[in-house]
Every structure is written in C-alpha cells, then in structure tokens.
Novice: 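This is the structure, below, for whatever I ask next.
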Amino acid sequence: MTTRVRFAPSPTGYLHVGATRSALFNYLYARQKGGKFLLRIEDTDLARSTDESTRSILEGLEWIGLAPDEDVVFQSANADKHRVTASKLLAEGKAYRDFTPKEAPTDSSVKDAIKERARAQGGEKNMRDNPYRDLSTVESDTRAGNGEPFAIRLKVPETGKTAFTDCVFGLQERDYAETEDLVLLRSDGHPLYNLAVVCDDIEMRITDVIRGQDHLTNTHKQILIYEALGVTPPRFAHLPLILAPGGKKLIKRLHGEIVSLTTYRDAGFLAAAFRNFLALMGWSASEEREIYSLEELIEKFSLAGVHRSSAIFNYEPNNPKRWTDDKLIWMNAEYIRTMPLADLLPHVKAELKAAKLWREEYDDNDDRDWYERTIDLIRARFFTLKDFSSQGRAYFSEDYDFDPAAIDKNLTKFPDLQTWLPELAMRFEQEFGQKSAGGSDKTFTEENIETVVKAFTEEKGTKLGVIMNGARTLLTGVAVGPSMLSVFEVIGLEKTLMRLRSQVAFNS
RNA sequence: GUCCGGUUCGUCUAGGGGUUAGGACACCGCCCUUUCACGGCGGCAACACGGGUUCAAAUCCCGUACCGGAUACCA
C-alpha cells in the first residue's frame, strides 16, 4: 500500500514552527517511502478559521519547500459526509442523541474551566452516566421529530480499552472508563474535530498519521470511531512538542513573532538551513553530525530516531544577538558561508532587489565576476541574507551609514587619520591613476596596494592596523569584514579615492 | 484531581549494564591577522532524587520530585 501522510493544520493563525516541524517530518517520511504528502486545512471551527491564515500556511509551506503532492483538502467542504457518517452510527445504535442543553460559556478561559471541572469531578466521574445514553429509539426519534435540539455522541462501550502501538511512544492503552462519550456532531449540526479527522483520513486513504503529542489522547477517541465504523485505523506516530525556554508552551501570545515561520523567511533565513535545524529538533540520526541536505534527511529519517522528550526552542527575548535559537542562527550562517556560491546567489539577488540595491549589470558578463567575487568575499562573516543589504550595503551603494562604534574605535581615536586618509587617496591616485593624469600604470591589486599602504604607514610612523581600520570604516561603514586589501580591490580605485577623501564620517 | 508521557552539559543531542559519558551551538582562553562576527587549537560544563536487581547501573525495575500533554457541543 502506498504511504499517504497528511499535515493538517487549523487555519486559526500563523504557521507555527512546531507545526512546521510536523509538516517536515510528514514530508520526509512520505518521500522516503515513495509516498504522498498531503495537506488538509482543518477549518471546521468556522468562528476561528480565517482565509488569511490559510494563505499564510500555504505561503509558509511553499517557502520551506514542503508543497503538498495533491490538491489541498478543506475539511469544511466535507461536512455533509461527516454528518452522514454520524447519522449512520446513530442508526446502527453506535451513537446516541444527547438532548442535554448546550452549556453556556463561562467567563473564565475555556481551558481553565475544563480543568476546574475535571478537578472537581476527580477520578470518580462515571463517563457513562449520560441520561440519554440508553433512551429508547422511539423516544429519541420522537423528541428529535419535535424539533428538540440534540448533539450526537459516540456510545463508548462500558468495559474494555483502546490500544495502539505508537511508532514513537510505543504501546498506548487507555481504559474506556477514561474516555467520555465524545460528541460527534454539535447540536447545531456541525461535525466535531475527531469525527471529521477520522472521516477525512479514511477518505484520503491516509496510512500514517504523524502529528504532535498533544493529540495522543485524541487518538484513543479516534480509534473508537474507527472501530465503530469497522475501519482499520492507520499507523500513528506522535511527535514530542517544541517548548519555550523554561519548558513552557511556545505560543505567540507569550513569545511573539519567533514562533511564526514567516518571521524567519522575513529575517533572511534560508529555507534549507531552517529545515535542517527543525529536523534536529526531536530527531537524530544517531551520529555526530548536524548539516544535512534535504536529500540526506529523506534518506536518514526514521520514526525510530524521533525522541519522546520535548525539545526547547532556546532564545533570549531581550538579547538582540540571541533573539532566536542560537543554533539556528549558527546554522543559517554556516549555510551562507559554505553552500555552493551558485546556490546562494539567487537568494542574495532577491535580498538586494528588495533593498533596492540590485543592478542588472550584476547579471551581465561585465560585472558578474566582480559581483560574485564580492558576495563570496563578504559572506564569510554574515549570518542572514539581510546582512548583505545592511552590513554589506557599502559594496553596492554610495549611500551607506557609518556605525558609530566603528567610527569611535577606528577614527576618533586617531585624529591624524582625518588628513592621512585623504593623503592615502592621493598616493593611490599617483600610483594607480591614469597615465594621462600623471600616474603610473600599476594595477589596483592586493599585492600592489599592500606595498603602497605599507610604505605610507612607515612614512607616517604609525601601525598598519591604524591605517587599514580607518580606511575600513570609511570604505565600508563597519568595523568588521574581510581582509582590507581585498576590500580595496573589490571597492575599486575610483570609489576608494572618493571614500577616503570624504569627511562625512569625521563630522558625524 | 485523573489518565498519559518525559527527565544526559545553559540549549540541541550521542551513548542504553563495564566509556576518561562523545559531538554541536553558546560562552571563555590562546593562535592567525590590518579589524572581526571567518579559520585553527584548547577550556568550562551533564546522567533529577531515593531505593532495589547486579560483581558492576547514566543504562534494568520500583518509588518520589519536577516538567509537559490531555481531560470541550475547540482543533
């Protein structure tokens, strides 16, 4: 049987990084088995589902490279089928009408109210004490016929237990006494989650359900529905959760944008790096290695390698340098500086375009070599694609800012530089400028530049670093970067002269 | 409350009866060097606790603590 798995988010917000990992694991599993990866939008909660959320989920999946293999299924479109299934179970006596009036919502949070009620009931609660459970068919039909509203509940057997072997957590058993007669259909006719999921998974011919650990108890309920329907359940695998520092739930309300996938796209992360990082949250190939291509992940992935303990998404809210998980930041940087340049180039192009720094000449033969060499040179110290347009701005534009810390460290401390650097410009012009302008015809290359700068430094009786770092600040606006000799060469003689002569940085 | 899970460096993790408990990130130090966030070398740092089984327990069993999930006419 062909493996068919699904990622089934509810469109009630952004695409969560934890949900993204579920999608990734489903995808890896499907690809490895030569199966299909499907997407189902669980929009049965009409009140909370939004189109915008659906769009953002689709967008996020596309960015991360997890496009579904078949058309997206919208659960709400199947509501009629869900109702038919509920009626069938009712007709077969496997479900019953519950005429208990719908409870009014409480003022406390739903979650707390449930917890409170459960605590009050303790372990004493008899899950089979619904007065309508054994109502005669005749009376049930009569009351329904009279227009009395009712919910349809599954009739969970008195004794016995549900059991399944989870591919991650092993044998899971739950006594029927622990499971209430779950509602299949609301009194307003809307199908509920557990019924909808089972119906759709059957219809989509899902073979393996891979989802978050928070669904572990739902699985027992769903197995009861499968049994009532006489359908063999799929295989189940539950994934440990991704938590926030301190072991708390990672949610937007508490932790902000860092939980949303699109944040990373917008912050200049590479999808490949993010996928790689995510794959290592809760899964391991049992080897000492951390960089994996998508192909390698597909090859190595296994549910047996998925952990049972939750992972913590580590970050420090008030530390700009560690605004998200430091290993993720490292991994993105690692990808940027080590991936094949040709693979990186399109991403940099997109970033420069977005920052209005892109020029078509970079694609032409004339400037292409320069462009690619420059990217290759500066990428070594960058963490995100954003760095190409921020820290790297001076390589592509005359309109760049000076980092006050760089000015302080490299210029202010050496007042002589205000005259020395324009002098250096003059020296460069003499050495490398046009013959017609009275210069020699030496080319502006690292080796030649070094000779000139060293001689200049000696004349001034200062250290090479003073000149180099002063020049660095003027030429690039920042205090860090590649070897200055390379920077001179890449910036080119003309711009170097201009920038060395500029007094802007000294006056700021 | 009840049911179900979990617990190895700060974080991600390897190991699953005998290991100097390994790697990665972060952090710190040294080196390279014209700076540096690149690179190289090194360092700090962990088996939640208590019993038991065993010649031997991080590893197996039981208990405790703590953490998480679930407990809806939400998904």
Side-chain angles (χ1 to χ4, degrees), chain A residues 8-10 12 42-45 47-49 75 98 100 102-103 110-111 113-125 149-153 169 172-175 177-180 182-188 190 192-194 196-197 212-218 220 238 240-241 243 245-249 277 280-291 307-315 321-322 325-331 333 337 379-383 387 391 406 409-410 450 453 457 463-473 478-485:
Chain A
S10 59
T12 52
E42 310 227 310
D43 53 352
T44 50
D45 186 339
R48 293 197 299 149
S49 300
Q75 189 155 65
D98 181 0
T100 311
K102 186 173 187 282
E103 241 177 86
V110 187
K111 206 90 182 171
I114 288 160
K115 210 168 177 180
E116 216 26 70
R117 187 199 309 161
R119 202 192 311 280
Q121 290 166 345
E124 305 299 298
K125 166 75 173 162
F150 60 86
I152 294 182
R153 285 184 185 272
F169 288 91
Q172 298 292 307
E173 294 180 301
R174 192 174 167 90
D175 202 288
E178 301 290 338
T179 304
E180 69 166 350
L182 55 136
V183 174
L184 302 175
L185 216 57
R186 275 193 336 206
S187 49
D188 63 5
H190 278 112
L192 247 25
Y193 175 73
N194 283 303
V197 165
Q213 192 193 358
D214 47 339
H215 286 288
L216 215 40
T217 42
N218 278 330
H220 287 97
H238 290 88
L241 269 18
L243 305 173
K248 298 299 173 190
K249 214 168 177 174
F277 169 76
L280 264 23
M281 286 295 254
W283 171 81
S284 149
S286 295
E287 58 183 1
E288 291 179 353
R289 180 179 165 189
E290 35 275 322
I291 302 296
H307 310 145
R308 295 182 184 191
S309 51
S310 46
I312 291 174
F313 194 87
N314 199 26
Y315 76 102
K321 213 178 160 191
R322 305 261 291 274
D325 196 292
D326 46 23
K327 194 158 190 171
L328 169 58
I329 295 174
W330 166 79
M331 193 165 283
R337 59 186 173 238
R379 68 168 165 162
R381 285 166 181 81
F382 286 172
F383 291 96
D387 291 334
Q391 307 237 53
K409 180 182 170 200
N410 296 329
E450 185 172 20
V453 176
T457 304
K463 284 192 283 188
L464 187 60
V466 173
I467 300 298
M468 287 296 198
N469 293 318
R472 177 189 302 284
T473 305
V478 292
V480 302
S483 155
M484 249 334 266
L485 296 173

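Proteins get letters first, then strands, A, B, ... in listed order; numbering begins at 1 in each.
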Novice: Looking at every strand, decide which applies to Arg472(A) at a 4.0 Å heavy-atom threshold: base, sugar-phosphate, or nothing.
Specialist: base

Novice: Determine the contact category for Pro240(A): base if any of its heavy atoms lies under 4.0 Å from a base atom, sugar-phosphate if only primed atoms, P, OP1 or OP2 are that close, otherwise nothing.
Specialist: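 Pro240(A): no heavy atom of the nucleic acid under 4.0 Å.
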
Novice: When you compare the side chain of Asp45(A) with that of Thr12(A), does any pair of heavy atoms fall below 4.5 Å?
Specialist: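 No - every pair of side-chain heavy atoms lies 4.5 Å or more apart.
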
Novice: Determine whether a donor-acceptor pair (N or O, by modelled atom type, separation under 3.5 Å) exists between the side chain of Asn469(A) and the backbone of Gly465(A).
Specialist: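 At least one qualifying donor-acceptor pair exists.
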
Novice: How far does the P atom of C44(B) sit from the matching atom of A24(B), given to the nearest Å?
Specialist: 14 Å

Novice: Look at all strands and tell whether Gln391(A) reaches a base, only sugar-phosphate, or nothing, counting heavy atoms closer than 4.0 Å.
Specialist: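 Result for Gln391(A) = base.
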
Novice: Report the distance from atom CZ of Arg337(A) to atom C1' of C38(B), rounded to the nearest whole Å.
Specialist: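 Spelled out: CZ on Arg337(A) to C1' on C38(B) is 7 Å.
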
Novice: Round to a whole Å and report the spacing from CD1 of Ile312(A) to C1' of G6(B).
Specialist: 12 Å

Novice: Holding to side chain to side chain donor-acceptor pair (under 3.5 Å), I want the full list of residues that pass it with Tyr193(A), two or more places apart in sequence or in another chain.
Specialist: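 Per chain and number, Tyr193(A) pairs via side chain to side chain donor-acceptor pair (under 3.5 Å) with His215(A).
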
Novice: Describe the nucleic acid contact of Gly282(A) in one word from base, sugar-phosphate, nothing, applying a heavy-atom distance below 4.0 Å.
Specialist: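 Touches sugar-phosphate only.
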
Novice: What is the distance from CE of Met484(A) to C1' of C38(B), rounded to the nearest Å?
Specialist: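 Spelled out: CE on Met484(A) to C1' on C38(B) is 17 Å.
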
Novice: Indicate for each nucleotide in nucleotides 66-75 of chain B, in 5' to 3' sequence, whether protein heavy atoms under 4.0 Å reach the base (B), only the sugar-phosphate (S), or nothing (-).
Specialist: -SSSSBBBBB

Novice: Pick the P atom in C49(B) and in G42(B), then give their distance to the nearest Å.
Specialist: 31 Å

Novice: Under 4.0 Å, heavy atoms only, any strand: does Phe383(A) hit a base, just the sugar-phosphate, or nothing?
Specialist: base

Novice: Over all strands shown, is Ala311(A) touching base, sugar-phosphate only, or nothing at heavy-atom distances under 4.0 angstrom?
Specialist: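 Sugar-phosphate contact only.
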
Novice: Closest heavy-atom contact between Lys248(A) and Leu243(A)?
Specialist: O-CB, 3.3 Å

Novice: Specify the separation, in whole Å, of atom CG of Asp326(A) and atom P of A26(B).
Specialist: 7 Å

Novice: Quick one: do the Asp43(A) and Ser49(A) side chains pair a donor with an acceptor below 3.5 Å?
Specialist: no

Novice: For G39(B), give the paired nucleotide (Watson-Crick: N1-N3 plus N6-O4 or O6-N4; G-U: N1-O2 and O6-N3; both under 3.5 Å), or none.
Specialist: C31(B)

Novice: G68(B) pairs with which nucleotide, Watson-Crick or G-U wobble, both distances below 3.5 Å?
Specialist: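 By the stated definition (distances under 3.5 Å), C4(B) pairs with G68(B).
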
Novice: What are the two closest heavy atoms between Pro245(A) and Phe313(A), and how far apart are they?
Specialist: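 Heavy atoms only, the tightest pair is CD-O, 3.1 Å.
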
Novice: For a quick check of understanding: with a heavy-atom distance under 4.0 Å over all strands, which category does Met281(A) fall into, base, sugar-phosphate or nothing?
Specialist: sugar-phosphate

Novice: Of all residues at least two apart in sequence or in a different chain, which pass the salt bridge (Lys or Arg N to Asp or Glu O under 4.0 Å) check with Arg379(A)?
Specialist: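 By the salt bridge (Lys or Arg N to Asp or Glu O under 4.0 Å) rule, Arg379(A) matches Asp376(A).
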
Novice: Suppose you measure atom C1' in A57(B) against the same atom in G52(B); what distance do you get, rounded to whole Å?
Specialist: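 Nearest-Å result for A57(B) against G52(B) at atom C1': 11 Å.
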
Novice: Would you check if Leu192(A) and Arg186(A) make a side-chain contact, meaning some heavy-atom pair closer than 4.5 Å?
Specialist: yes

Novice: Please measure how far the P atom in C60(B) lies from the corresponding atom in G18(B), and state the result in whole Å.
Specialist: 11 Å

Novice: Give none if U19(B) has no partner; otherwise give the nucleotide forming a Watson-Crick or G-U wobble pair with it, both distances under 3.5 Å.
Specialist: none

Novice: With both distances under 3.5 angstrom, what nucleotide forms a Watson-Crick or G-U wobble pair with G63(B)?
Specialist: C49(B)

